[in-house]
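I have placed the structure first, in the form of structure tokens, so that the comments after it can refer back to it.
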Amino acid sequence: MFLLMWAFSICLFAQAVNVRGTVTDAKGEPLIGVSVRIQGRGAGTVTDSQGNFTLPNVSPDAVLEISYVGMLSQTVALDGKTTVNIVLQEDAEALEEVVVIGYGTARKIDLTGSTSSLGGDRLRLKSTPQLSSQMQGQMAGVQITRSSGDPSAGATIRVRGVTTMSTNDPLVIVDGIPGTLTDIAPEDVKDIQVLKDAASAAIYGSRAAAGVILVTTKRAQNNEFHLSYNGEYGMDAPTTKPKFTNAVQWMRGLNELAFSDGASSPSSLYSEDLINNYTQLRDDDPDRYADTDFMNLGLKSSTHHQRHSLSLSGGTANLKTNFSFNYFDSEALINKKDYERFNIRTNNDYTINNWISANVDLNLLYSNANEPHLSIGELMERAPIYNAYWSDGRFADGKDGDNPIAQRELSGLIKKQNYRIGGKLQLVLTPLKGLALTAIIAPQYSFYKGKDHRKRYEVYRITGDPIPGVGYSSTNLSETRNDNHSLTKQFYVNYQLQLKRHSIGLMAGYEDYSYKWEEEGASRTNYSLVNFPYLDLGPEDYQFNSGKAGHNAYRSFFGRIMYSWADRYMLQANIRSDGSSRFAQGYRWGTFPSFSAGWAISEEPWFNKRVVDFLKLRGSIGQLGNERIGSEFPYQAKLSFGTGFIPNASTGISDIVQTAYQMDYAFKDLTWETTTTYGIGADITLLKNRLRASVDYYYKKTTDMLMEVGFPSYFGYNAPQNNAADMNTTGWDFELSWNDQIKDFHYGVSFNLSDYRSRMGYMADRQKIDDNRITEEGSYYNEWYGYKNMGIILNDVAMFDENGDPIAVLTNNDKAGNIRYRDIDGDGKITASNDRVRLGNSLPEMQYGGSLWGEWKGVDFNLSFQGIGHQLAYWSWPGTPFNYQAYACPVNLIESHWSPTATDEENAKVKYPKLTTNNANIYAKSDFYLFNGAYMRIKNITLGYTLPSEITKNLSVNKLRLYFSANDLPAFSKYPEGYDPEWNHSGDLLLSSYIFGLNVSF
């Protein structure tokens, strides 16, 4: 047997041949470093400087695999040939995958920093009024938090967590110019790029410590004219809504509260006879026996919105233009509250000749919001035993004139109008191949007009006597006029050079930015005419005015070097030097460098690509700055102005004089907060580019953070702020996606997951305690702080420990049914100074999001979700139940609380302590109300159908699509029933939207 195998191998070796060949591109230019491998064996080589290669001892029937970055891979069967000439075609999709970076663009394969991108097509699958909300859950390391369903409210954005005690909002750049996400209609967005680490963001040094969001709006792509329209109508309903007790439950609860606090009878306030017969009594006399659900009465069960988008693009060889008009209109759940917005944007591209081009962009925004003088919080604090209306239709007095329904309908409106206009003129010169000189000037103007008309109105007692509504005994009018103006000037040079296998990109530039703002206010009170909101109609004796202004500016020089060899080894270096008006001379300038490197291992000749198509490792280190540290001139000892009275002996009347005094001490040597970031990451593509993954780990250290420092009180000034604190943040991001096609079925899945921890470093032995959160050396940033609980005191026996000694109590009124707190220092009493401890991280952990989509013969489907894996959330009731014997009580509390009439077995199972006025005990800040606030929400489900072109072409329509979408469905969480995990108890309820839409293009 051995001899047969040996003879067979000799025959094979005798038939083996040496294969030579050349690899060129479509233009005939030799390609250097092309990978040539033998299929099934992994052995191979790479082409030399002339594009030539040699493979020894190759079987005549072998198949060669040829691959090169930016080119379509090929397989070539030898079929006995010993010489092969191979022409590789460009992989247009790979080569054209260009992403926006600071002051230029770059191929995605050349990037060495950590970024996340989001295309406009994925963005528009969801429909929300604000662009920030539509980004939620779609990018790893980008945390977006909402707290209100108000359509005019944006969301809070954090890129890779918290890095400072001051401003953590990322810098937003719109088409190269500083801006805000609220200015942009989501329909206008082409794509969004988030620069997450120092390597990618350092080019924006001065304000990039919290990350950078680059928004690119749509531009015309070719000379053909296109007209498209998108319209939708949506029904909106609360994701969930708190429930409050009815009148009978409320009276029983208040009786129990009084009995727990020492009343002699369980029915000391409301008799059992009244409670048992209340329903019948109400049927007979609803005016005297109220049962009002103010929450349901004050809010609609559902509302609606509509949006329309019209865009026109096209042009000629020398002029291309993209024009869009967007309209959004929405009504809120609160009656008389609505929001309307118009966006107009035109982006124009001019080609003057073969070396001069220009861009002229203009964007306009107008929004109008109307709001009544009513918040949801006020609805949640009104007990059901008060009427909103009398049976004859008049508004009832509620409790002594406090009727939120009358307040909503009669007290006037707050009107808010915003006008914004911005533009950009960009001139690009390309006098040499690869050289581009860019000059930009971009002014931005914003105007705000506010009118708060608080009308006097009357409600009626049951006797018919009118009384003024609480807080509205006179008619007042306040008007506000705010405006701001910014001007951005930029000049930068980009140069691209290709020398065989070497690719070099150079950029250098200058930027100048200035911002000015001014606010004015005027008001008059005691109007005689109630229904006319104009200042000149108010009495001059009751007029007031106010005004203030400010400005800031920065000036910057920056540069970047990008180098790549054979698309295999990549280096990038950035540096930016910024001077900010927020700091004094001598401390004004900060310099922020970064360096990063990448290695495309998969392009090495020894790498086996049978499973892994692409693998790149990345590493970076760099510094970022933060100059947004509060006031505009924190280094100056500012004067506060007021009015004083000085006795005048000659007149006997005090003279009115203007006073000026210094309240705050200031340090002249305040300077930049600096964040140093270290990061490593990897990008991998597998299984014929169907599976893609990216993972990053980072560490950030912020030094010279501004904080209040110790200061002797006898100096007579408030404690100043100084650069005196450090913070450390560690975290990681992970993204995974799969895209494939099975015949006519295209589908994809994506998932992202990220986590971070922010801990405080040096803090000069200072503490910052804000309600139930603490920031101190060694703590998490804004860590929960309070008492440790030991459960509810079950009975009178539990007031003593196992030795028979009285347990430590927080107040002298602590009894059975109250919360027992841990005596940390063991002194036998509970004190704020010695028994409060750190309770855990208050920031979200393990944030995730993902989507599933598919397309088949005109039918498309999308499902996306978002959530938080863990977060210590603090539960607080929206208003203190039964407070002043007038506040409402949540059903959750009534259904599960310690009761003096329940057995020990029953009380051992409840969630909440007893009903009592001993609020110092049951509402003391502690871990009793901390729980895991993790949640998962279906953000979007969309089902659409595109009519076949055979049908639409007869109507001269390129594309016609109908769709149904459900957005922001109720979340899965451990929150009490009726409470959304993203809602903050004071803003509008969060809404689920059910939308019918139409897309049509010509």
Side-chain angles (χ1 to χ4, degrees), residues 245 249-272 275 772 784-840 872 874-877 880-883 885 889-932 974 976:
T245 59
Q249 292 172 312
W250 190 89
M251 289 186 291
R252 290 190 186 279
L254 189 60
N255 272 346
E256 184 179 308
L257 180 150
F259 186 59
S260 293
D261 284 352
S264 59
S265 166
S267 304
S268 61
L269 298 178
Y270 298 97
S271 70
E272 281 297 312
I275 292 174
N772 59 339
W784 294 118
Y785 182 67
Y787 302 105
K788 297 283 290 184
N789 90 92
M790 300 176 67
I792 297 172
I793 303 173
L794 185 61
N795 49 38
D796 290 338
V797 174
M799 292 295 297
F800 298 88
D801 62 19
E802 60 275 8
N803 299 321
D805 298 322
I807 62 173
V809 294
L810 181 65
T811 75
N812 293 329
N813 293 324
D814 287 5
K815 299 176 182 177
N818 286 131
I819 300 172
R820 180 181 177 184
Y821 297 107
R822 188 177 301 279
D823 183 11
I824 300 296
D825 64 352
D827 66 351
K829 54 186 176 181
I830 307 298
T831 59
S833 58
N834 296 326
D835 295 311
R836 288 187 297 173
V837 295
R838 302 202 298 253
L839 301 174
L872 275 180
Y874 189 87
W875 178 247
S876 59
W877 299 107
T880 308
F882 299 108
N883 208 21
Q885 296 189 8
C889 179
V891 170
N892 317 67
L893 179 57
I894 285 295
E895 291 179 342
S896 184
H897 69 274
W898 187 96
S899 173
T901 60
T903 66
D904 286 349
E905 291 76 14
E906 291 171 332
N907 280 332
K909 299 176 182 178
V910 301
K911 296 179 181 178
Y912 306 110
K914 68 180 181 181
L915 307 178
T916 177
T917 56
N918 182 11
N919 294 337
N921 174 279
I922 63 173
Y923 293 122
K925 305 303 182 182
S926 74
D927 63 349
F928 183 86
Y929 294 104
L930 284 178
F931 68 102
N932 184 5
K974 294 182 180 180

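Residues: numbered from 1 along the sequence shown. Small disclaimer: the values here were computed from a predicted structure and weren't measured.
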Could you pull out the closest heavy-atom pair between [X] and [Y], with the gap in Å?
X: Leu810; Y: Ala924; value: CD2-CB, 3.7 Å
X: Asn255; Y: Ser268; value: OD1-N, 3.9 Å
X: Leu257; Y: Thr917; value: CD2-CG2, 3.6 Å
X: Ile819; Y: Asn921; value: N-OD1, 2.9 Å
X: Leu839; Y: Ser926; value: CD1-C, 3.8 Å
X: Cys889; Y: Ile894; value: SG-CG1, 3.6 Å

When the aromatic ring centroids of Phe882 and Trp250 are compared, is their separation below 6.0 Å?
-> yes

Pairs satisfying ring pair (Phe, Tyr, Trp, His ring centres under 6.0 Å), at least one member in residues 896-921, at least two apart | Trp877-Tyr912

Scan residues 788-808 for pairs that pass ring pair (Phe, Tyr, Trp, His ring centres under 6.0 Å), counting only residues two or more places apart or in two chains.
-> none

What I'd like to find out is whether the side chain of [X] reaches to under 4.5 Å of the side chain of [Y], using heavy atoms alone.
X: Phe928; Y: Ile792; value: yes
X: Asn812; Y: Asp814; value: no
X: Asp835; Y: Tyr821; value: no
X: Leu915; Y: Leu254; value: no

Could you tell me which residues satisfy side chain to side chain contact (heavy atoms under 4.5 Å, CB included) with Phe259, sequence neighbours excluded, listed by chain and number?
-> Pro266, Pro900

Mind checking what makes salt bridge (charged side-chain N to carboxylate O under 4.0 Å, His left out) contact with [X], not counting sequence neighbours?
X: Glu272; value: Arg252
X: Lys815; value: none
X: Arg836; value: none
X: Lys788; value: Asp927

Quick one: does Asp801's side chain have a donor or acceptor within less than 3.5 Å of a partner on Asp805's backbone?
-> yes

Does the Trp784 side chain pair with the main chain of Leu930, one donor and one acceptor, at a distance under 3.5 Å?
-> no

Who passes side-chain hydrogen bond (donor to acceptor under 3.5 Å, both in side chains) against [X], sequence neighbours left out?
X: Asp827; result: none
X: Thr916; result: Asp261
X: Ser264; result: none
X: Arg822; result: none

Is there a donor in the side chain of Glu256 and an acceptor in the side chain of Ser899, or the other way round, less than 3.5 Å apart?
-> yes

Could you tell me whether the side chains of Asn918 and Asn813 share a donor-acceptor contact shorter than 3.5 Å?
->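 No, Asn813 and Asn918 have no side-chain donor paired with an acceptor closer than 3.5 Å.
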
I would like to know whether Tyr785 and Asn772 meet side-chain contact (heavy atoms from CB on, under 4.5 Å); could you show each step before the answer?
-> CA-CA 5 Å; Tyr785 182 67; Asn772 59 339; 5.6 Å; no

Could you please spell out the steps behind the side-chain contact (heavy atoms from CB on, under 4.5 Å) verdict for Asn818 and Thr811?
-> CA-CA 10 Å; Asn818 286 131; Thr811 75; over 6 Å; no

Salt bridge (Lys or Arg N to Asp or Glu O under 4.0 Å): which pairs involve residues 913-925, sequence neighbours left out?
-> Asp771-Lys925

Rounded to the nearest 0.5 Å, what's the gap from CD on Gln249 to CG on Leu893? Could you check?
->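 Answer rounded to 0.5 Å: 11.5 Å.
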
Check the pair Ile830, Val809 against side-chain contact (heavy atoms from CB on, under 4.5 Å), reporting the backbone distance first and the verdict last.
-> CA-CA 6 Å; Ile830 307 298; Val809 294; 5.6 Å; no

